[in-house]
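Report on one structure; see the data block that follows.
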Number of protein chains: 2
Amino acid sequence: MKLGQATIKDIARELNLSASTISRALKDYPGISDETKRKVKEMAEKMNYRPNAIALSLRKSRSFTIGVIIPEVVHFFFSTVVSGIEEVAQSRGYNVILVQSNEKLEREISSIETMLSNQIDGVLVSYSKETNTFEHFTRVLDQGFPIVFFDRAPQIPGAINVMVDDYQGAFDATTHLISQGYKNIVHLAGPPSLKITRDRANGYKAALEKNGLPVHPDHIIPCPLGTVEESQKLVSELLSSSAVNPDAFFACNDIGAVGAMMACRDAGLKIPLDVGIVGFSDWQFCSMLEPKLSSVAQPGTLMGAKATEILLDIIEKKIDPETMEKSLVLETKLMDRDSSKRF
Amino acid sequence: MKLGQATIKDIARELNLSASTISRALKDYPGISDETKRKVKEMAEKMNYRPNAIALSLRKSRSFTIGVIIPEVVHFFFSTVVSGIEEVAQSRGYNVILVQSNEKLEREISSIETMLSNQIDGVLVSYSKETNTFEHFTRVLDQGFPIVFFDRAPQIPGAINVMVDDYQGAFDATTHLISQGYKNIVHLAGPPSLKITRDRANGYKAALEKNGLPVHPDHIIPCPLGTVEESQKLVSELLSSSAVNPDAFFACNDIGAVGAMMACRDAGLKIPLDVGIVGFSDWQFCSMLEPKLSSVAQPGTLMGAKATEILLDIIEKKIDPETMEKSLVLETKLMDRDSSKRF
DNA sequence: TCAAAAAGTGCAAACGTTTGAATAGGGCTA
DNA sequence: TAGCCCTATTCAAACGTTTGCACTTTTTGA
């Protein structure tokens with residue numbers, strides 16, 4: 001790009017050698033005399049030569065760049081995943097191009113197009129809440145283009161997914177509440193379009209059933225927006241109506257759990273004495289709250305790292321996407337803190 | 001990249017035309033018959049043609065990609081900045097390559113190198129805590145390569161900086177505490193290498209002086225690590241020693257403020273009755289704490305957006321880096337919540 | 001002493017696109 | 001019917017690398 005950026009040709013001219021010799025000398029190819037290599041490297045240093053990765057990409061049809069599409073950047077969990085992705089990519093010599101879909105399908109589609117135009121080697125995707133068709137993914141997957149999905153993974157045959165064991169995490173959280181003597185546990189669910197929402201709800205139900213507790217459909221409250229205000233309002237309404245009389249909340253995410261905490265406090269209920277609360281994701285702030293919020297920790301950084309390793313292995317043909325294991329499920333860990341411990 | 005990706009040449013062969021005609025037809029250049037344009041576009045559509053951005057970059061010596069170097073991704077403030085950057089870049093047709101330095105100077109240096117290799121059009125930087133030399137920046141700046149610094153901005157002559165008015169923010173926060181009747185205000189400072197640390201400390205001191213309160217050097221406590229545990233420990237020690245008898249804390253960041261809250265609670269002090277606390281940055285969790293934490297809000301997304309606009313304007317030569325205003329200072333806003341309100 | 005092998009280097013094409021200049025064919029005017 | 005100007009198209013070079021092959025020159029072996 002730079003006006004004054006030295007190229008291989010410049011070095012060649014300066015040294016009265018051909019471009020091919022320079023190229024080979026810099027790469028320590030056999031068949032170039034040590035004397036020439038020395039001179040070339042010296043001159044490259046002196047002229048502040050920097051290889052042009054764009055030209056290399058064109059030549060090799062490889063950009064050493066991967067794309068990442070996430071719903072939003074300002075999101076604790078996704079930021080941990082991105083951190084893991086960036087870490088592994090950097091260490092293996094790849095660049096990371098980042099875009100956020102802002103939970104918009106349209107943006108997701110255009111991002112994929114731009115990335116393909118940019119000759120990206122592969123892409124990591126967590127799709128948006130709005131995404132109800134996967135045609136934009138299958139179209140490129142069918143061309144043999146490598147995509148690895150993480151966290152929010154579609155039900156596409158043959159797609160490679162890296163997820164967390166949402167079912168088990170929810171099961172553990174609910175079981176924990178039951179073991180602490182809570183009997184009337186309400187689940188604050190997420191947006192219905194996401195598989196993780198269904199898995200967590202199923203884990204919740206399974207834990208109730210296993211412990212002989214009834215599963216009431218009206219104990220599952222969808223919180224599609226995912227804001228503190230939303231869950232606070234819903235829980236407040238629930239507490240003031242006489243129909244349900246909850247003594248615990250298992251929320252699909254920590255934001256929802258905070259809303260529940262606030263609503264309970266407003267209603268004069270003591271946590272964890274009167275009401276137990278467990279969230280999901282174990283965001284940074286959980287241990288800063290009073291009482292400290294119990295939550296199901298998801299290994300975000302690990303998820304990003306694993307997904308990237310798989311993607312790069314596919315790109316570098318170290319593994320075959322046809323025959324490989326199609327989904328990797330990572331374990332969650334219940335962080336039981338004050339908000340759910342009666343004993 | 002893709003094996004089966006159609007190129008201009010493929011279309012040319014298919015239609016028995018030359019590559020140049022295809023190129024011009026696709027771009028609606030004059031001098032191509034409407035009939036040909038129609039046929040070309042039809043065929044392009046049919047063959048699922050996607051322009052190769054890499055080839056274009058090589059030809060035009062422009063990659064339409066900007067680099068972003070930040071200390072860490074998992075950091076609320078930086079994630080808001082990145083969000084603003086990504087937003088503007090995307091809307092103006094640029095890609096964003098993201099790297100995190102992990103607060104390491106070495107990583108910062110190698111990232112800049114890689115990015116230059118990748119023919120990036122410009123770069124946005126917030127430097128690491130470790131960075132004590134700016135030679136790696138000045139070297140490329142001197143070549144006329146566009147760099148815009150944000151938040152953590154170096155004292156390099158001619159460098160373009162986008163910052164927040166840290167001095168004024170700290171001044172406002174301290175003044176607010178004084179107006180609430182707190183008299184013995186301790187400042188929890190940040191890593192000494194950062195300019196923002198000094199600015200915030202200066203704002204704190206100025207507010208004390210303006211209100212006729214003494215400035216004790218031992219009332220300024222450095223917290224270089226920036227963890228909750230660190231500030232909790234330091235504040236606990238301070239409270240148990242008889243030397244200083246603080247009735248308020250103004251922390252350089254919200255994490256430090258949380259540590260102070262915890263230490264006060266441990267010491268049996270009531271917030272805001274016995275002790276007032278104000279943080280800096282207004283992280284998401286501030287309003288989730290009990291009591292809600294007062295904090296100085298920084299416009300992160302706006303900062304990212306502004307910095308990107310300036311960078312792209314320089315890249316596109318809409319403004320001249322020589323003659324332009326060298327630094328943009330954004331206003332902070334004190335969010336006074338429960339943790340600092342006695343009245 | 002001469003051919004053959006080895007060592008060192010250069011040529012040219014390729015990756016996919018853009019673009020200034022050249023060309024071909026046609027219709028018009030004088 | 002020559003000269004000219006359009007219009008539509010093609011040629012060829014360029015961006016910076018890499019790489020198979022060809023070409024010198026030197027060294028080796030018999």
Side-chain angles (χ1 to χ4, degrees), chain A residues 1-41 43-44 47-65 93 114 116-121, chain B residues 1-41 43-44 47-65 93 114 116-121:
Chain A
M1 203 256 33
K2 286 298 28 301
L3 330 104
Q5 192 54 277
T7 72
I8 279 193
K9 288 185 188 175
D10 295 329
I11 303 180
R13 196 173 325 111
E14 206 70 24
L15 254 40
N16 266 321
L17 287 169
S18 76
S20 27
T21 304
I22 309 298
S23 174
R24 286 190 252 252
L26 288 171
K27 289 251 146 67
D28 269 333
Y29 264 50
I32 303 289
S33 72
D34 290 348
E35 170 65 4
T36 307
K37 283 186 186 170
R38 194 189 50 72
K39 275 198 301 191
V40 168
K41 287 178 181 172
M43 183 56 76
M47 297 178 77
N48 193 19
Y49 169 75
R50 228 189 308 270
N52 184 326
I54 293 283
L56 224 173
S57 292
L58 185 59
R59 181 81 231 276
K60 300 247 179 177
S61 299
R62 292 269 278 99
S63 64
F64 287 94
T65 301
T114 320
L116 288 178
S117 247
N118 277 277
Q119 309 303 108
I120 250 161
D121 293 338
Chain B
M1 200 266 18
K2 287 295 34 295
L3 329 107
Q5 193 55 276
T7 73
I8 279 193
K9 288 186 187 171
D10 295 329
I11 303 180
R13 195 173 324 111
E14 207 69 25
L15 254 40
N16 264 320
L17 286 169
S18 75
S20 27
T21 305
I22 308 298
S23 173
R24 285 190 249 253
L26 287 172
K27 289 251 147 64
D28 269 333
Y29 264 50
I32 303 289
S33 73
D34 290 348
E35 169 65 5
T36 306
K37 283 186 188 171
R38 194 189 51 72
K39 274 199 301 194
V40 169
K41 287 178 182 172
M43 182 58 75
M47 297 179 76
N48 195 17
Y49 168 74
R50 227 188 309 270
N52 183 325
I54 294 284
L56 224 172
S57 291
L58 185 59
R59 181 81 231 276
K60 301 245 180 180
S61 298
R62 292 268 280 99
S63 64
F64 286 95
T65 301
T114 320
L116 288 178
S117 247
N118 278 276
Q119 308 303 108
I120 250 161
D121 294 338

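We use all heavy atoms of the structure for the numbers below, so side chains are in, but hydrogens, waters and symmetry mates are not. Labels below follow one simple rule: chain letters A, B, ... track the order of the sequence lines, proteins then strands, and each chain is numbered from 1.
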ask   = Taking CZ from B/R13 and P from C/dG16, how many angstroms apart are they, rounded to a whole number?
value = 10 Å
note = Within residues 31-39 of chain B, those residues having any heavy atom closer than 4.0 Å to DNA chain C are none
query = CZ of B/R59 versus C1' of C/dT18: gap in Å, rounded?
reply = 4 Å
task = Check every strand shown and say whether A/N16 touches a base, only sugar-phosphate, or nothing at a heavy-atom separation below 4.0 Å.
result = sugar-phosphate
message = If you apply the rule side-chain contact (heavy atoms from CB on, under 4.5 Å), what do you find for B/L56 with B/F64, and how did you get there?
response = CA-CA 10 Å; B/L56 224 172; B/F64 286 95; 5.8 Å; no
task = Return the value, rounded to whole Å, for the distance between atom CG of A/L15 and atom C1' of C/dG10.
result = 15 Å
request  = Pull out every residue in residues 17-30 of chain B that has a heavy atom closer than 4.0 Å to any atom of DNA chain C, ordered by number, or say none.
outcome  = B/S20, B/S23, B/R24, B/K27, B/Y29
inquiry  = Between B/E35 and B/K39, does the side-chain contact (heavy atoms from CB on, under 4.5 Å) criterion hold? Intermediate values first, please.
reply    = CA-CA 6 Å; B/E35 169 65 5; B/K39 274 199 301 194; 4.2 Å; yes
note = Exactly one candidate in A/T7, A/V40, A/D10 meets side-chain contact (heavy atoms from CB on, under 4.5 Å) with A/I22; the answer is A/V40
remark   = Between CG of A/L58 and P of D/dT17 the distance, given in whole Å, is 12 Å
query = Which of these, A/L26, A/I32, A/I11, A/L15, sits in a side-chain contact (heavy atoms from CB on, under 4.5 Å) with A/T21?
reply = A/I32
ask   = Rounded to the nearest Å, what distance is computed from the CD atom of residue B/Q119 to the C1' atom of nucleotide D/dC15?
value = 10 Å
task = Using a strict cut-off of less than 4.0 Å between a Lys/Arg side-chain nitrogen and an Asp/Glu carboxylate oxygen, indicate whether B/K41 and B/D28 qualify as a salt bridge.
result = yes
ask   = Given the rule in the side-chain contact (heavy atoms from CB on, under 4.5 Å) test, do B/T36 and B/L17 qualify, once you have shown the distances and angles that lead to the verdict?
value = CA-CA 9 Å; B/T36 306; B/L17 286 169; 3.7 Å; yes
query = Nearest heavy-atom pair of B/I54 and A/L58: which atoms, and what distance?
reply = CG2-N, 3.7 Å
ask   = Could you give the NZ-to-P distance, from B/K60 to C/dG20, as a whole number of Å?
value = 10 Å
ask   = Of the candidate nucleotides D/dT19, D/dT17, C/dT17, which contains the atom at the shortest distance from the side chain of B/A55?
value = C/dT17
task = Take A/S20 and A/R24 through the side-chain contact (heavy atoms from CB on, under 4.5 Å) test and state the conclusion after the steps.
result = CA-CA 6 Å; A/S20 27; A/R24 286 190 252 252; 3.6 Å; yes
message = Nearest whole Å is fine: how far is D/dG16 P from A/I11 CD1?
response = 12 Å
Atom pair distance, as rounded to whole Å: CD1 in A/I54 and P in C/dT17 = 14 Å
query = Would you say B/N118's side chain and A/A53's backbone share a donor-acceptor pair under 3.5 angstrom?
reply = no
